[in-house]
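In what follows, a structure is listed as structure tokens, so that the remarks can point back to it.
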Protein chains: 2
Amino acid sequence: MTRSEENYLKTIFHLGGGDSKSITTNAIAEQMETKPSSVTDMAKKLAEKGLVNYVKYQGVSLTDSGVKTALSIIRKHRLWEVFLVEKLDFSWDEVHEVAEQLEHIKSEKLIDKIDELLNFPKYDPHGDPIPTKDGKFQERDKKLLSEMAINATGVCVGVKDSSVPFLKFLDKNKIALGNSIKVLDKEDFDNSLRIQLEGKEMRISHQIASNLYVKKND
Amino acid sequence: MTRSEENYLKTIFHLGGGDSKSITTNAIAEQMETKPSSVTDMAKKLAEKGLVNYVKYQGVSLTDSGVKTALSIIRKHRLWEVFLVEKLDFSWDEVHEVAEQLEHIKSEKLIDKIDELLNFPKYDPHGDPIPTKDGKFQERDKKLLSEMAINATGVCVGVKDSSVPFLKFLDKNKIALGNSIKVLDKEDFDNSLRIQLEGKEMRISHQIASNLYVKKND
DNA sequence: ATCTATTTTTAGTTTTGTCTAAATTTAATT
DNA sequence: AATTAAATTTAGACAAAACTAAAAATAGAT
Ligand SMILES: [Mn+2]
Ligand SMILES: [Mn+2]
Ligand SMILES: [Mn+2]
Ligand SMILES: [Mn+2]
């Protein structure tokens, strides 16, 4: 399994190709910042290896074996992200790039030991779930802050946009995962929100609210 | 800097090419389990980049820039080895293979943080010195056990052969770095040694004694 | 100084992964 | 149903890093 093959599988998974949904050549090319013709070549190779279903002109989806492989890469990526934050004091906007490299290290023992060292975390620094060793993967029950009703309360559990600028913006405004949130008011004009974050009142744009995941309190 | 280029520089350094000594194409090829023609190709490429001095038919040596790069790879390799042993309970015969991969991860912050986490170790699990961040590199004053005089005492500080079988043999015989050693007697017939290891008397073959480094007590 | 064995380089291929440009298929519109 | 636009694939090329086989240079031995 080459690094490139691994990256394609991961991308296809992230685009939804794990649920036997067909992902288009163009979508993959765009996501990977490569050319559609390169994607076609790789699609053939991965199909040959039984990792994707590929029908000419119809796009690709992952086979069971492809899903399993994709999840193992994602598991490694997210565990390394946790490691960098928890053990090496990286901030959550610095970890992705390094994890992109570390996810390709081949040693089952290594990642299992990292998992153990971290006490088997369930979520990465951005709130994304970490697949288990045996490939189980469960999305958390969460909602976008922008979709919550007035007066609803919850806890901030993840980000939709995990780009460096957005993460830095959240840091600057002291918004972090684990923070308690209550929706106070919605402004019809610009869809901005008045919220209470850890007891402190603040105003938040729709842009921000539609990129923050919240777990609603029961 | 590609992974392959990094591996060539590291190999040339290990063969002595850091002291402006010329290393032959064949020597490099043998060490890297590759073909001499491949080495020639890479020699040209590295010379082009100013990392080695290469004269046709005369072999290669590292430039200052080449030495600096080689040392930074070796630093990463050895720090990762310490990390694996100290933080993840790997045994010293398991770390080399994984470190061969980890040494190519590109992130200055990552390796500096690992260094800090490990409390700036000076030696790796096999007793080899770890170059400093600014490329200083000092071999320890050490001697092969086989070259020590009768009644001399010291501490076991390293291995010459760091192959898996040798390391496992040492484990099995409870010989570890840090152990105190006294040479009791030499057997002329087969060059074997009678030694005291941590107070316990034992017999050791010449094969073993000539692969164990000892720091002599003053 | 010449011959020979060894080392090293060159020339030409291969594999992996990418690209461009052209051809083909599909999808949308009239 | 024919036309057109967009998506996709093919064909051919390229760079990196390896290989094999042949040619050239060096070093050792006579
Ligand atoms: Mn990430
Ligand atoms: Mn993440
Ligand atoms: Mn090693
Ligand atoms: Mn070592």
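Chain letters run A, B, ... following the sequence lines, proteins first and then strands; every chain starts at 1. Side chains are part of it too, since the values below use all heavy atoms of this structure and drop only hydrogens, waters and symmetry mates.
- The CZ atom of R3(A) sits 12 Å away from the P atom of dT18(C) (whole-angstrom rounding).
- Aromatic ring orientation, F83(B) versus F83(A): perpendicular (interplanar angle above 60°, classes split at 30° and 60°).
- Side-chain nitrogen and oxygen atoms of T34(A) include at least one within less than 4.0 Å of the OP1 or OP2 phosphate oxygen of dC19(C).
- Relative to the ring axis of F90(B), K109(A) places its NZ or CZ within 45° and under 6.0 Å from the centre.
- What separates CG of D41(B) from P of dA16(D) is a distance of 12 Å, to the nearest Å.
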Name the pairs: protein N/O against N/O of nucleotides 1-8 of chain D, kept only if under 3.5 Å.
residue	atom	partner	partner atom	Å
dT8(D)	OP2	N26(A)	N	2.9
dT8(D)	OP2	N26(A)	OD1	3.4

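- Seen from the ring of Y213(B), R140(B) does not count as a face-on cation partner, given the 6.0 Å and 45° thresholds.
- Taking atom NZ on K35(A) and atom P on dA22(C), their separation rounds to 15 Å, with Å as the unit.
- Side-chain atoms of H104(B) and N7(B) include a donor-acceptor pair closer than 3.5 Å.
- The distance between atom CE of M42(B) and atom P of dT10(C), rounded to the nearest whole Å, is 16 Å.
- Rounded to whole Å, the distance from CD on E30(B) to P on dT6(C) is 15 Å.
- Under the salt bridge (charged side-chain N to carboxylate O under 4.0 Å, His left out) rule, D115(A) has a single partner from R75(A), R78(A), K133(A), which is R75(A).
- Rounding to the nearest 0.5 Å gives a distance of 10.0 Å between OG of S205(B) and CG of N191(B).
- The interatomic distance linking E5(B) (CD) with dA18(D) (P) rounds to 10 Å, in whole Å.
- For N7(B) and dA16(D), the CG to P distance is 17 Å, given to the nearest whole Å.
- Rounded to an integer number of Å, the gap from K44(B) NZ to dT8(C) C1' is 10 Å.
- At a threshold of 4.0 angstrom between heavy atoms, the contacts of S4(B) are confined to the sugar-phosphate backbone, with no base atom among them.
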